[in-house]
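Reading through the structure tokens given below for one structure.
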Amino acid sequence: MKKKLLFMLALVVTLLVGWGATSTTTAQAATDNSLARVQKKGTLVMGTSPDYPPYEFQATVHGKSKIVGMDVAVGQKIAKGLGVKLVVKSMSFDSLLVALQTGKVDMVISGMNPTPARKKNVDFTHLYYQGGYSIVVNKSEKGLYKDKDSFKGKTIGAQTGSTMYNESKKQTTDTKVKGMTSVSDLILALQSHKLAGVAMEKPSAQAYVANNKQLAMIPSHFNLSASDTSAAVAFKKGSTLLVTAANKSVDQIRKQDLVNKDYLPAAGKYLKTNTVNTSMWHYWKAFLTGVKYTLIITVCSVFFGFILGVLLSLARMAKGGVIKTALRWLATAYVEFIRGTPMMVQVMFVYFGLGLIVNLPALTSGIIAISLNSGAYIAEYIRGGINSVDDGQTEAARSLGLTNTATLRYVVLPQALKNIWPSLGNEFITLIKDSSIVSIIGVSELIFQSNIVRSDTYRGVAPIAVIMVLYFIMTFTASRILNYFERRMQHD
């Protein structure tokens, strides 16, 4: 009888636990709208870092630059299975998971390893590719190195945020590990002997070595688990229904071996196309696009920054009354805060932080962030310019019957603008160069485009030389125009 009672009690507990688990699962499914949301909008946004051939890279397709590679093919397969259109959004590798968590992208496919640490923050599909790791070295130095243990006293590089970066730091002794956001930057550092080797996934290493006769590949011999040497698709935490739907396509890819049979061979053809003509003139459209976006960001940021700067400077100079005092303190706090934080952090905050509230495009986010930054500095220029105007000018205007507003508008500000014109011109020129910061969120300005050309052509120095010349042309032209107007002001 006692055994029967214990058996019945265990059965009841099992049923209750099972019912509770089922209820929890049902409740989670009821609140999980990840799949419905994607199908409703009709697009599946894929985040990737297109500088990692053959996984993802830029190639010229029918005269247009396009992101291709085996990961893009995986994304297209998943999107087709969901009955939606794939949209590819590019950004730096170390920004991908942030973009996923803040809703900028629906999934991340970028040769990403489903490590235990990452699984705590995002959901992964089943594995779609099982690979391995190698170390790329200069061909002239291949005989000096055998594996990861051969780099004692040397520096090796890996992509920041990648498994290889973390494992290189853990599994090497007396070796300095340097991280960079772009693989093309790592290869350039290798060829300029800033690095002794670059650790990367074997397919990417093979792609670089096959297209660059100055490079060679050696085995890494890292002690890695299956999750460290495999790739999966990442989704936002809690996207159970979307992951389940994506797994249907991923399972088909593994079952039919589509990566090895179709996706990698197709990527290889694009890689060969890229290296047929590696002249910089061949990529003039990419550089022109970079110049266009650089100028758009600069002009818009100076325009809105100037308006904000005028308002902030007037607020900082307000006197008397509780409201004016509050405005003065707020303006002062804003200026000090903006000047005390890096612009890169501000760009990332606007794009990712405010993205939790308003889904702003990368270009808009970049313009807003740089405008807010520029406004703080312009406010100080204008305040200094206003203070430089002799008090007698204000007294003379008052004696002529002008109001405070009219005095400020027609007497003080014109003279202040004349005094601060060189500083404003310097701010404009500085912004032309500082606009390169927005490349971290995927805006196609000059730095972003040069990285694409470098990963396409496997040429490290030539694209950098081109953008240096382009930046000089823009800044030199801007300086001449600003100097012309400065001379006009001096004669007026």
Side-chain angles (χ1 to χ4, degrees), residues 32 34-35 38-39 43-50 52-57 67-88 93 96-97 100 105-134 159 162-164 167 200-207 219-220 222-271:
D32 180 12
S34 56
L35 178 59
V38 168
Q39 291 179 330
T43 58
L44 181 66
V45 183
M46 166 185 160
T48 192
S49 178
Y52 207 54
Y55 286 86
E56 49 273 327
F57 56 98
I67 299 175
V68 296
M70 80 174 197
D71 279 351
V72 178
V74 171
Q76 290 171 340
K77 177 73 172 177
I78 293 173
K80 184 178 180 180
L82 298 177
V84 297
K85 181 181 178 182
L86 180 70
V87 176
V88 182
F93 184 84
L96 288 172
L97 291 185
L100 182 64
V105 297
D106 299 315
M107 66 178 181
V108 169
I109 314 182
S110 196
M112 187 163 286
N113 309 123
T115 60
R118 286 174 178 156
K119 286 181 178 179
K120 294 179 182 178
N121 300 304
V122 297
D123 289 336
F124 282 100
T125 63
H126 299 157
L127 305 179
Y128 65 84
Y129 181 73
Q130 185 76 44
Y133 289 93
S134 297
Q159 194 171 36
S162 67
T163 300
M164 265 297 85
E167 294 303 323
M200 64 176 73
E201 297 213 34
K202 190 174 181 179
S204 294
Q206 290 173 331
S220 63
F222 280 100
N223 183 20
L224 299 169
S225 64
S227 64
D228 291 327
T229 58
S230 56
V233 184
F235 287 92
K236 190 174 182 179
K237 199 71 175 175
S239 304
T240 306
L241 295 178
L242 186 55
V243 172
T244 302
N247 272 332
K248 295 179 181 178
S249 298
V250 173
D251 291 342
Q252 290 179 9
I253 291 171
R254 286 297 299 269
K255 185 178 180 180
Q256 300 172 23
D257 196 21
L258 294 179
V259 169
N260 292 311
K261 288 183 178 179
D262 297 334
Y263 300 164
L264 279 175
K269 291 180 182 179
Y270 284 123
L271 285 170

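- Here the shortest heavy-atom pairing between Ser34 and Thr240 reads OG-N, 4.4 Å.
- For the atom pair Lys202 NZ and Ser220 OG, the distance stands at 9.5 Å (nearest 0.5 Å).
- For the pair Met107 and Leu86, the minimum side-chain heavy-atom distance is below 4.5 Å.
- Nearest heavy-atom pair across Phe57 and Ala267 is CZ-O, 3.5 Å.
- Not one N or O on the side chain of Thr163 forms a donor-acceptor pair closer than 3.5 Å with the backbone of Asp228.
- A heavy-atom distance below 4.5 Å is not found between the side chains of Val105 and Val87.
- Side-chain contact between Val88 and Glu56 is absent, with no heavy-atom pair separated by less than 4.5 Å.
- Note that OH of Tyr129 and OH of Tyr55 are 5.0 Å apart. Values are rounded to the nearest 0.5 Å.
- Going from atom CD1 of Ile67 over to atom OH of Tyr270 covers 13.0 Å, rounded to the nearest 0.5 Å.
- Using a 4.5 Å heavy-atom threshold, the side chains of Pro219 and Ser134 count as separate.
- Here Leu242 contributes atom CG and Phe235 contributes atom CZ; the two are 4.5 Å apart, rounded to the nearest 0.5 Å.
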Check the pair Ile109, Tyr128 against side-chain contact (heavy atoms from CB on, under 4.5 Å), reporting the backbone distance first and the verdict last.
CA-CA 10 Å; Ile109 314 182; Tyr128 65 84; 3.5 Å; yes
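- The minimum heavy-atom distance between Pro54 and Leu264, with the atom names listed, is CG-CD2, 3.7 Å.
- Applying the salt bridge (charged side-chain N to carboxylate O under 4.0 Å, His left out) test to residues at least two apart or on different chains, the pairs with a partner in residues 105-125 are Arg37-Asp106, Lys41-Asp106, Asp123-Lys237.
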Only pairs under 3.5 Å count here: list side-chain donor-acceptor contacts from residues 72-81, not counting sequence neighbours, and write none if there are none.
| unit_1 | atom_1 | unit_2 | atom_2 | d |
| --- | --- | --- | --- | --- |
| Lys77 | NZ | Gln252 | OE1 | 3.1 |

### Task
Tell me, with the steps shown, if Asn113 and Thr115 meet side-chain hydrogen bond (donor to acceptor under 3.5 Å, both in side chains).
CA-CA 6 Å; Asn113 309 123; Thr115 60; over 6 Å; no
Check: Checking side-chain hydrogen bond (donor to acceptor under 3.5 Å, both in side chains) for the pair Gln130/Thr229: CA distance, chi angles, key distance, verdict?
Finding: CA-CA 6 Å; Gln130 185 76 44; Thr229 58; 2.7 Å; yes
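- Smallest separation of non-hydrogen atoms from Val38 and Val84: O-CG1, 3.8 Å.
- Atoms CG and CE, from Leu224 and Met164 in turn, are 5.0 Å apart once rounded to the nearest 0.5 Å.
- The two atoms that bring Ser49 and Leu96 nearest to each other are N-CD1, 4.1 Å, heavy atoms only.
- Summarising the geometry, atom NZ belonging to Lys85 is positioned 9.0 Å from atom OG1 belonging to Thr43; distances are rounded to the nearest 0.5 Å.
- Taking each heavy atom of Ser110 and Thr48 in turn, the nearest pair found is OG-OG1, 3.5 Å.
- A 4.5 Å side-chain heavy-atom check between Pro203 and Met70 finds every atom pair outside the cut-off.
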